[in-house]
**Student:** 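Below is one structure. I have some questions about it.
Everything quoted here is computed from the prediction, not taken from an experiment.
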Amino acid sequence: MRPQLTSPDAHCIASPSSCAFSASDRRLNALARHLVDASVVMDTQNPNDTVSASPTSGFHVDSVFAHVVRAPEDPILGVTVAYNKDPSPVKLNLGVGAYRTEEGKPLVLKVVRQAEQQLVNDRARVKEYLPIVGLAEFNKLSAKLILGADSPAIQENRVTTVQCLSGTGSLRVGGEFLGRHYHQRTIYIPQPTWGNHPKIFTLAGLSVKTYRYYDPATRGLNFQGLLEDLGSAPSGAIVLFHACAHNPTGVDPTVQQWEQIRQLMRSKALLPFFDSAYQGFASGSLDVDAQSVRMFVADGGECLVAQSYAKNMGLYGERVGALSIVCKTADIASRVESQLKLVIRPMYSNPPIHGASIVATILKDRDMYNEWTIELKAMADRIISMRHQLFDALRARGTPGDWSHIIKQIGMFTFTGLNSEQVAFMTKEYHIYMTSDGRISMAGLSSKTVPHLTDAIHAAVTRVA
Ligand code: PLA
């Protein structure tokens with residue numbers, strides 16, 4: 001069936017003074033006419049493919065995107081989507097790893113507010129584009145923060161650092177660079193790991209394999225499995241490590257175990273890629289949490305490090321991070337940097353200025369830096385205190401099982417050992433939101449909500465297999 005069209009243009013020509021059709025109506029109608037012509041072809045294919053158009057009723061066509069299927073929500077960020085839809089007053093979001101105060105509120109660090117105020121007051125500041133690699137001062141200070149102020153690699157100019165879009169963007173830029181310029185395309189990631197890792201590296205053109213990491217039986221590190229898997233990896237393969245506070249397990253190698261891992265990595269010429277998303281959040285000390293990375297840099301070998309300021313400076317939505325590549329010589333580092341620019345420019349051209357300026361302001365000022373470490377330690381301590389409170393409450397309640405892993409695990413998350421049915425039960429009956437692998441964000445918990453979570457866990461383990 002041919003649709004009926006009213007021509008606003010004809011109407012306007014006949015009676016210009018009474019013309020009520022806007023420019024957008026005309027564009028709409030031109031599009032409708034074009035589609036009518038196309039519908040002649042459609043008519044012969046499927047008599048139900050009709051187009052109707054009029055300036056008032058609009059028109060309906062089969063969308064060119066009609067075949068697009070709905071994608072599932074993200075396994076972590078989708079938890080927040082579900083939480084936001086729940087009207088229950090007792091609901092609790094322990095999904096995404098985002099710090100909350102004892103009152104359950106997001107926290108902007110005092111030192112961040114202070115830095116922002118300084119930036120706003122400085123009328124000389126402009127909004128020009130940053131260079132492709134970002135804010136030079138921020139990059140220098142970021143390398144210092146993770147590698148240590150006295151790092152020989154920095155002194156020898158063997159490190160190239162580029163500002164990226166938080167941890168995720170740093171991992172992606174690093175992955176893209178390796179996909180283009182490194183001879184081995186295989187990256188080994190721990191099993192389990194942060195759910196975005198396999199997607200980031202696959203899309204960067206790498207082939208993703210896993211190495212054994214976590215032993216559910218001991219709720220600890222499967223060190224033997226890790227050594228065996230890395231030991232049988234092809235020479236030169238890339239290996240992803242969580243610098244500290246492994247997500248989701250909260251299980252980190254000891255310093256001695258890191259040393260063994262380092263020796264194995266170097267003997268097989270495996271390339272370490274550190275994801276440092278929680279520096280300072282694990283122990284409360286920025287230096288202690290950077291130890292694993294620094295061991296690998298101290299031996300003179302090469303590595304990559306992705307840093308995020310989302311958690312340790314609470315700059316989640318500002319998307320501030322950095323990728324550092326430690327090279328053998330200054331000349332190689334500068335050539336690597338020139339190629340990183342070719343990765344970044346077509347992706348997002350150059351990074352945003354505000355968050356990086358906040359970080360640089362804090363890192364370069366001794367007083368602000370000290371203030372930051374105090375606030376950071378307070379966040380880490382509150383998380384550790386939540387671990388003790390939850391552990392004590394489950395013990396007092398007589399909840400079956402050994403819950404000592406809650407106090408042994410490190411960082412933002414507890415990998416509870418609850419299965420997906422138990423998690424679904426806790427969400428349905430207690431409005432507690434967490435990822436289906438049984439991970440809970442300890443930073444989302446407070447003294448007030450510990451009893452509710454304890455009730456939910458108790459009910460889940462006693463009533464759901
Ligand atoms: N690496 C690891 C190990 C992470 O856990 C996260 C964030 C990132 C990188 C990326 O963080 P960024 O891009 O925001 O700097 N993981 C969170 C959030 C906290 C998320 O999934 O995006 C999590 O809940 O696991």
**Student:** Excluding sequence neighbours, so at least two apart, what forms salt bridge (Lys or Arg N to Asp or Glu O under 4.0 Å) with Glu116?
**Tutor:** none

**Student:** Can you run down the salt bridge (Lys or Arg N to Asp or Glu O under 4.0 Å) pairs that involve residues 168-189, sequence neighbours left out, and say none if there aren't any?
**Tutor:** Arg172-Glu176

**Student:** Could you report the tightest heavy-atom contact between Glu318 and Pro352, atom names first, then the distance?
**Tutor:** O-CG, 4.5 Å

**Student:** Under the criterion salt bridge (Lys or Arg N to Asp or Glu O under 4.0 Å), I'd like the reasoning laid out for Arg158 against Glu156: C-alpha separation, chi angles, the key distance, then a yes or no.
**Tutor:** CA-CA 5 Å; Arg158 295 191 281 112; Glu156 291 155 16; 2.7 Å; yes

**Student:** Indicate yes or no for a side-chain donor-acceptor contact from Asp229 to the backbone of Arg212 under 3.5 Å, with no hydrogens or angles considered.
**Tutor:** yes

**Student:** Should we say atom NZ of Lys199 is surrounded by more than 12 heavy atoms from elsewhere, each under 6.0 Å from it?
**Tutor:** yes

**Student:** Using the salt bridge (Lys or Arg N to Asp or Glu O under 4.0 Å) rule, take Glu102 and Arg382 through it: C-alpha gap first, then chi angles, then the decisive distance, then the call.
**Tutor:** CA-CA 8 Å; Glu102 257 296 297; Arg382 198 185 86 69; 3.2 Å; yes

**Student:** Compare all side-chain heavy atoms of Asp275 with those of His197 and state whether any distance is below 4.5 angstrom.
**Tutor:** yes

**Student:** Which heavy-atom pair separates Gln279 from Ala290 by the least distance, and what is that distance?
**Tutor:** NE2-CB, 3.7 Å

**Student:** Testing Leu453, Asp381, Ile406, Leu445 one by one against Met386 for a side-chain contact (heavy atoms from CB on, under 4.5 Å), which residue passes?
**Tutor:** Leu445

**Student:** Could you tell me whether the side chain of Thr193 reaches within less than 4.5 Å of the side chain of Tyr211, counting heavy atoms only?
**Tutor:** no

**Student:** What's the verdict on side chain to side chain donor-acceptor pair (under 3.5 Å) for Ser446 and Arg100, showing C-alpha distance, side-chain angles and the deciding distance?
**Tutor:** CA-CA 8 Å; Ser446 71; Arg100 298 285 176 264; over 6 Å; no

**Student:** Using every non-hydrogen atom in the two residues, find where Ala243 and Val293 come nearest and quote the distance to one decimal.
**Tutor:** CB-CG2, 3.8 Å

**Student:** When rounded to the nearest 0.5 angstrom, what is the spacing between CZ in Phe241 and CG in Leu304?
**Tutor:** 12.5 Å

**Student:** Report yes if the distance between the aromatic ring centroids of Tyr213 and His246 is under 6.0 Å, otherwise no.
**Tutor:** yes

**Student:** Given Gln409 and His405, is the side-chain contact (heavy atoms from CB on, under 4.5 Å) satisfied, shown in steps?
**Tutor:** CA-CA 6 Å; Gln409 291 172 355; His405 55 287; 3.7 Å; yes

**Student:** When the side chains of residues 319-328 are checked against the rest of the protein, which donor-acceptor pairs come out under 3.5 Å, sequence neighbours left out?
**Tutor:**
unit_1 : atom_1 : unit_2 : atom_2 : d
Arg319 : NH1    : Ser166 : OG     : 3.4
Arg319 : NH1    : Tyr316 : O      : 3.3
Ser324 : OG     : Thr161 : OG1    : 2.8

**Student:** Gln389 versus Ser447: any side-chain heavy-atom pair under 4.5 Å?
**Tutor:** yes

**Student:** Check whether any side-chain heavy atom of Asn222 lies under 4.5 Å from a side-chain heavy atom of Gln224, and answer yes or no.
**Tutor:** yes

**Student:** Quiz question: by atom type and distance under 3.5 Å, do the side chains of Asp287 and Ser285 form a donor-acceptor pair?
**Tutor:** no

**Student:** Under a 3.5 Å distance rule, please check whether Glu429 uses its side chain to pair with a backbone N or O of Ala456 as donor and acceptor.
**Tutor:** no

**Student:** Please examine the side chains of Leu145 and Gln307, heavy atoms only from C-beta on, and report whether any two atoms are closer than 4.5 Å.
**Tutor:** yes

**Student:** Could you walk me through whether Asp402 and Arg219 pass the salt bridge (Lys or Arg N to Asp or Glu O under 4.0 Å) check?
**Tutor:** CA-CA 10 Å; Asp402 171 12; Arg219 293 209 172 103; 5.9 Å; no

**Student:** Nearest 0.5 Å, what's the OG-CG distance between Ser142 and Leu135?
**Tutor:** 9.0 Å

**Student:** Could you check whether Asn121 and Gln117, counting side-chain N and O atoms only, form a donor-acceptor pair closer than 3.5 Å?
**Tutor:** yes

**Student:** Test the Lys311-Tyr278 pair against the cation-pi criterion, namely NZ or CZ under 6.0 angstrom from the six-membered ring centroid and within 45° of the ring axis.
**Tutor:** yes

**Student:** Under the side-chain contact (heavy atoms from CB on, under 4.5 Å) test against Trp372, which residue among Leu286, Val359, Asp365 passes?
**Tutor:** Leu286

**Student:** Side chains of Gln263 and Glu259 only: does a donor on one sit below 3.5 Å from an acceptor on the other?
**Tutor:** yes

**Student:** Between Phe274 and Phe296, is the ring centroid distance below 6.0 Å?
**Tutor:** yes

**Student:** Measuring from Ile353:CD1 to Gln163:CD, what's the distance to the nearest 0.5 Å?
**Tutor:** 8.5 Å

**Student:** Using the six-membered ring of Phe413, assess whether NZ or CZ of Arg439 lies under 6.0 Å from its centre and within 45 degrees of the ring axis.
**Tutor:** yes

**Student:** CZ of Arg387 to CH2 of Trp403: how many Å apart, nearest 0.5 Å?
**Tutor:** 13.5 Å

**Student:** Between Ser88 and Asp86, do the side chains contain an N or O donor and an N or O acceptor separated by less than 3.5 Å?
**Tutor:** no

**Student:** Could you give the distance from CG (Asn139) to SG (Cys164), rounded to the nearest 0.5 Å?
**Tutor:** 8.5 Å

**Student:** Should the heavy atoms of other residues, nucleotides or ligands under 6.0 Å from CZ of Arg395 be counted, would the total exceed 12?
**Tutor:** no

**Student:** Dump the intermediate steps for side-chain contact (heavy atoms from CB on, under 4.5 Å) on Val297 and Ser151, then the final yes or no.
**Tutor:** CA-CA 8 Å; Val297 178; Ser151 167; 4.3 Å; yes

**Student:** Any side-chain donor paired with an acceptor under 3.5 Å for Lys408 and Ser404?
**Tutor:** yes

**Student:** Ignoring hydrogens, what is the shortest heavy-atom contact between Asp289 and Ala282? Give both atom names and the distance.
**Tutor:** OD2-N, 3.0 Å

**Student:** Working to the nearest 0.5 Å, report the span between NZ of Lys428 and CD of Glu421.
**Tutor:** 13.5 Å

**Student:** Quick one: closest heavy-atom pair of Gly438 and Thr416, and the distance?
**Tutor:** O-OG1, 2.5 Å

**Student:** Has Arg266 got more than 12 heavy atoms of other residues, nucleotides or ligands less than 6.0 Å from its CZ?
**Tutor:** yes

**Student:** Report yes if some heavy atom in the side chain of Met379 is under 4.5 Å from a heavy atom in the side chain of Phe281; otherwise report no.
**Tutor:** yes

**Student:** Heavy-atom count around Lys91 NZ within 6.0 Å, excluding the residue itself: above 12?
**Tutor:** yes

**Student:** Looking at every heavy atom in both Ile146 and Arg294, which two are closest together, and how far apart are they?
**Tutor:** O-NE, 2.9 Å

**Student:** For the pair Gln422 (side chain) and Asn419 (backbone), establish whether a donor and an acceptor sit closer than 3.5 Å, ignoring hydrogens and angles.
**Tutor:** yes

**Student:** Looking at Lys364 and Glu137, does any basic side-chain N land under 4.0 Å from a carboxylate oxygen?
**Tutor:** yes

**Student:** Would you indicate whether the side-chain heavy atoms of Ile344 and Asn350 approach each other to under 4.5 Å?
**Tutor:** no

**Student:** Please evaluate residues Val251 and Tyr214 with respect to the criterion side-chain contact (heavy atoms from CB on, under 4.5 Å), reporting the C-alpha separation (whole Å), side-chain torsions for both, the decisive distance (0.1 Å), and the verdict.
**Tutor:** CA-CA 8 Å; Val251 172; Tyr214 178 74; 4.1 Å; yes

**Student:** Could you go step by step and tell me if Leu271 and Leu178 meet the side-chain contact (heavy atoms from CB on, under 4.5 Å) rule?
**Tutor:** CA-CA 10 Å; Leu271 181 64; Leu178 292 171; 3.8 Å; yes

**Student:** Ile358 versus Leu119: any side-chain heavy-atom pair under 4.5 Å?
**Tutor:** yes

**Student:** Considering residues, nucleotides and ligands other than Lys377, do more than 12 of their heavy atoms fall under 6.0 Å from its NZ?
**Tutor:** no

**Student:** Taking the six-membered ring where the residue is Trp, are the ring centres of Tyr188 and Phe201 under 6.0 Å apart?
**Tutor:** no

